[in-house]
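Heads up, the thing below is written out as C-alpha cells.
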Amino acid sequence: MIELGTDVRVRFAPSPTGYLHIGGARTALYNWLWARKTGGKFILRIEDTDRERSTQASVQAILDSMTWLGMDWDEGPGKDAGTGPYFQTERVAIYQGYVDKLISAGAAYRCYCTKEDLDRARALHKARSGSEQGFRYPGTCRERKTEPAGKHVIRLRAPSTGSTHWDDLIKGRIEIGNDTLQDSVLMRGDGIPLYNLGAAVDDISMGITLVARGDDHVINTPQQILIYKALGVALPKFAHMPMILAPSGEKLSKRHASVSVMDYHEQGFLPDGVLNYLARLGWSHGDQEIFTRAELIEKFNWEHCGDTSARYDLKKFQHVQASQLRMLSPSTLAQHVVPFLAKRGLTVSANDPRLLTAAPLVQPRATTFIDAADALDYFFRPAPVMDEKAKAKFLGADRLPLLGKLAAVIEPVTPFTREPLESAVKSWLEQEKLELKDVAQSARVALTGRTASPGLFEVMEVLGREVTLARLRHG
RNA sequence: GGCCCCGUCGUCUAGCGGUUAGGACAUCGGCCUCUCACGUCGGUAACACGGGUUCAAGUCCCGUCGGGGUCACCA
C-alpha cells in the first residue's frame, strides 16, 4: 500500500505535436486521480522542445481537452505556483544551470562531434553489422582534455558496468544493465534540452514525487535516474503504465478509432463516460464497471493497475458512456443536449418543460447526446420528419378513420398526461374489441414519423393536446 | 538483432497455492411489451505451450512460443 500524503506531486507532460490522444488522456487521468485522492498537486507541463513539430494549436487543443474532461491542474499554464514556467522552451536557463552541475560532477561532457562525424561512424557500423540498429556513440569526446571553442552538444557520461534498477509501482522491480546504456545527447547544440534532460530536470525542479507515464518510457528511466544520482537528488517513485492498443493489437492510431479526446466531445460523449472507460482500461476495482468521478477518485490506486496492454473496444466504451448518460438528471441531460439539438436546427431552451419531460424518455434509448437529440427531434418540429417507408406501411388511407377516432377519444382527456390517456384509450379499445397493437404503430408513425419511439402515451403527453390531435388528424 | 515489458473467455478484467476459474462488453436464446430501448433470466466462451517446485499451480521457478516497447541533436 502506498501511503497517502500531502507531499504527492504528480505531473502530466504532453508534447504539443497534435491533439490530446486518448492514451495520453488516460496517463493524465491516473495522475490526476492520484493527486485528487491524496490531496497532492497535479502539474501540467508542456514539453515543447521539438520546435519542428510543436504548435500553438496543439497546446490549445491539449488545454481544451483537459478542461473538457474536467482534469484541472494545480500548477501549469495559467497557474504559476512558483515552479514555472511550464513550457520547456521557457526554461532553457534552468537546464543550462543543471548541465553545468552535471559537467562539474563529471556526469556529462561536451561533445564537439559534428553531424557528419556521426553519420560516418553510423555508416561504418552499418557496413560492419548490416544494420543501423545497435549503433552507439564511439566516445570520441568522452576523455577530451582540451575544450575547443565552438558548437557542441552535451552528452551523458554513462557507466558501462553494473546496473540500474528501480521498483516500479506497476511493473515491479526493473533492472537494466548499464552496458546497454550509451552516452546519449542531453542537450542540443542550440541549448535546447532533449527529452531525458528536460524531463529529469523539470521533475527535480518541480518537486515531482511520482513519475507516472506510458511504459514506452521504461527505457528512458535509467538515464534519468543517473541524472538524479549525479545531482545528488532523491529519486521519485516511478509507475509505467501499459499502452492502449488497437483492436487488432497494433499501436492505436487514427486508422483504428477516434483517438482525439475532442472527437468524443463532438460525438456527444460525456467527460465522465470517457474518464470511466479510460479508468477501467488498465485498472480495476473488483467487479465494478461504472464509476462516478467521485468514486474514481476515492477508489483509484496503483496496486490494481494492470501490467498488460489493453485493446481499445468501442462497444464497451459505448456501453460505459450510455450508462453514464442514464445517470444524468433530466435537467443536466437537457443542458447537454441543447447544443446538439441546435446542430439539427432546433432552438430549444434547456428549461423547456417539454424537454425536461422528454429527457427521461430518451435516456434509456440513447448512447450519446447525438442519439438523444435525434430521439428528441420530432417533439420540437412543427411536423415530424416522416419515414416514407413507415408512412406507406402504417398510414395508408384505410388507417386514417381509426386515427381520427383515436383523436376523438383522447381529445377530452384531462389532464393530458400518460395515465389518463392510457385508460381512456384502453377502455375505448375494449368497446371496439381492438388491441392496442392494432392502432399503436399507426399512431406512432403519425406522431413521430418513425416506427420506434418511447411509449405512445408518454409521447402524447410531451407533445400536448394540440399537437397530438393535429398529427393524428394529419395536420 | 540487443535490451526491457507482457501473456486468464473474441475484448476489458477478478484471482494474489486448495475456486463448479467470478464479473462486464460483445454474442446467442427466453421473459417483459404498443414499437424501440431499458430491465431481467439463461446459454456459448479463457488460464499460450513444455518442464520443474509442492500433498496441491491460473497463482512460484526455468525454458519455448507469441505480442508490445525501445535502440535519434523526436518525445
Side-chain angles (χ1 to χ4, degrees), chain A residues 13-15 17 47-50 52-54 111 113-115 118 122 129-136 151-155 168 170-172 174-177 179-182 184-190 192-196 198-199 213-222 240 242-243 245 247 249-251 277 280-290 303-304 306-320 322-323 326 361-367 371 375 390 394 422 425 429 435-445 448 450-457:
Chain A
S15 177
T17 54
E47 304 207 334
D48 58 349
T49 54
D50 185 342
E52 319 274 273
R53 296 194 300 147
S54 297
C111 169
C113 296
T114 62
K115 185 100 169 53
L118 292 173
R122 202 170 269 122
S129 69
S131 166
E132 274 184 39
Q133 289 164 161
F135 171 73
R136 293 160 68 124
K151 215 170 173 193
H152 59 269
V153 302
I154 306 298
R155 282 186 186 274
D168 197 274
I170 292 174
K171 294 180 184 293
I174 298 179
E175 178 163 5
I176 296 175
D179 56 347
T180 69
L181 264 31
Q182 65 167 315
S184 56
V185 175
L186 296 178
M187 184 181 268
R188 279 185 277 245
D190 60 3
I192 301 292
L194 256 53
Y195 175 72
N196 278 313
R213 77 236 297 195
D215 70 5
D216 48 334
H217 288 301
V218 164
I219 209 71
N220 291 314
T221 307
H240 287 95
M243 321 212 68
L245 270 28
E250 305 169 278
K251 192 168 177 177
Y277 177 66
R280 275 290 288 107
L281 201 60
W283 171 80
S284 63
H285 183 76
D287 286 342
Q288 188 171 353
E289 300 283 348
I290 304 302
E303 287 79 16
H304 287 97
D307 48 14
T308 71
S309 53
R311 298 184 191 210
Y312 175 87
D313 180 1
L314 181 60
K315 283 280 181 16
K316 178 92 177 225
F317 195 168
Q318 289 171 330
H319 172 260
V320 170
S323 303
R326 276 177 226 130
L361 306 181
V362 304
Q363 233 161 345
R365 295 174 171 81
T367 295
D371 301 333
F394 294 106
E422 181 161 9
V425 170
L429 287 169
E435 307 233 23
L436 184 52
K437 65 177 164 218
D438 297 327
V439 293
Q441 280 306 75
S442 292
R444 171 168 287 110
V445 175
T448 69
R450 33 184 116 173
T451 54
S453 82
L456 214 45
F457 306 107

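Here is the naming used below: chain letters follow the sequence lines, and residue numbers restart at 1 for every chain. Side chains included, hydrogens not; waters and symmetry mates left out as well; all remaining heavy atoms used.
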Around E52(A), counting heavy atoms of other residues, nucleotides and ligands shown, do more than 12 lie under 6.0 Å from its CD? no
Between G39(B) and C65(B), how far apart are the two C1' atoms, rounded to whole Å? 45 Å
According to the Watson-Crick and G-U wobble definitions, with both distances under 3.5 Å, which nucleotide is paired to G39(B)? C31(B)
Give none if A26(B) has no partner; otherwise give the nucleotide forming a Watson-Crick or G-U wobble pair with it, both distances under 3.5 Å. none
Provide the distance between the two P atoms, one in A57(B) and one in A45(B), to the nearest whole Å. 24 Å
Is the base of G23(B) touched by the side chain of E289(A) through a donor-acceptor pair closer than 3.5 angstrom? yes
Would you kindly compare G306(A) and Q182(A) by the position of their nearest RNA chain B nucleotide and give the one closer to the 5′ end? G306(A)
Winner on side-chain proximity to I219(A), out of C3(B), C73(B), C34(B), is C3(B)
Winner on side-chain proximity to T308(A), out of A75(B), U35(B), U13(B), is U13(B)
Listed nucleotide nearest any side-chain atom of V218(A), set C4(B), U35(B), A75(B): C4(B)
K316(A) NZ to C9(B) C1', straight-line distance once rounded to whole Å: 13 Å
Determine which nucleotide pairs with G18(B), using a 3.5 Å limit on both distances of a Watson-Crick or G-U wobble pair. C55(B)
If I pick the P atom on G43(B) and the same atom on A24(B), what distance separates them, to the nearest angstrom? 12 Å
Looking only at atom C1', what distance separates G29(B) and G63(B), rounded to whole Å? 45 Å
Using whole Å, what does the distance between atom P of nucleotide C34(B) and atom CZ of F394(A) come to? 15 Å
Between C62(B) and C9(B), how far apart are the C1' atoms? Round to whole Å, please. 28 Å
Between C12(B), C3(B), C73(B), spot the one nearest the side chain of I176(A), thanks. C3(B)
Under-4.0 Å side-chain N/O to phosphate OP1/OP2 contact, S284(A) with A14(B): yes
Is a donor-acceptor pair below 3.5 Å formed from side chain N196(A) to base A75(B), judging by atom type as modelled? no
Options C3(B), C34(B), C4(B), nucleotide nearest the side-chain atoms of I174(A): C4(B)
Mind checking the CD1-OG1 spacing from I170(A) to T308(A)? Nearest 0.5 Å is all I need. 11.0 Å
Any strand, both distances under 3.5 Å, Watson-Crick or G-U wobble: C65(B) pairs with G7(B)
Between C16(B) and G2(B), how far is it from one C1' atom to the other, in whole Å? 33 Å
Counting only heavy atoms not in E435(A), do more than 12 sit closer than 6.0 Å to its CD atom? no
Watson-Crick or G-U wobble partner for C47(B), using a 3.5 Å limit on both distances? none
Rounded to whole angstrom, note down the P distance from U59(B) over to G15(B). 15 Å
Hey, is the side chain of D287(A) pairing donor to acceptor with the base of G22(B) inside 3.5 Å? yes
Would you mind telling me which of A26(B), G69(B), C12(B) lies closest to the side-chain atoms of K315(A)? A26(B)
Under a 3.5 Å cut-off for both distances, is G1(B) Watson-Crick or wobble paired, and to whom? C71(B)
Of all the choices, C34(B), C5(B), G69(B), which nucleotide is nearest to the side chain of K171(A) once you look at every atom? C5(B)
Side-chain atoms of R444(A) come closest, of A26(B), C3(B), U35(B), to U35(B)
First encountered from the 5' end of RNA chain B, between P364(A) and H304(A): H304(A)
Is there a side-chain polar atom (N or O) of R365(A) under 4.0 Å from OP1 or OP2 of G39(B)? no
If the C1' atom of A21(B) is compared with that of C4(B), how far apart are they to the nearest Å? 31 Å
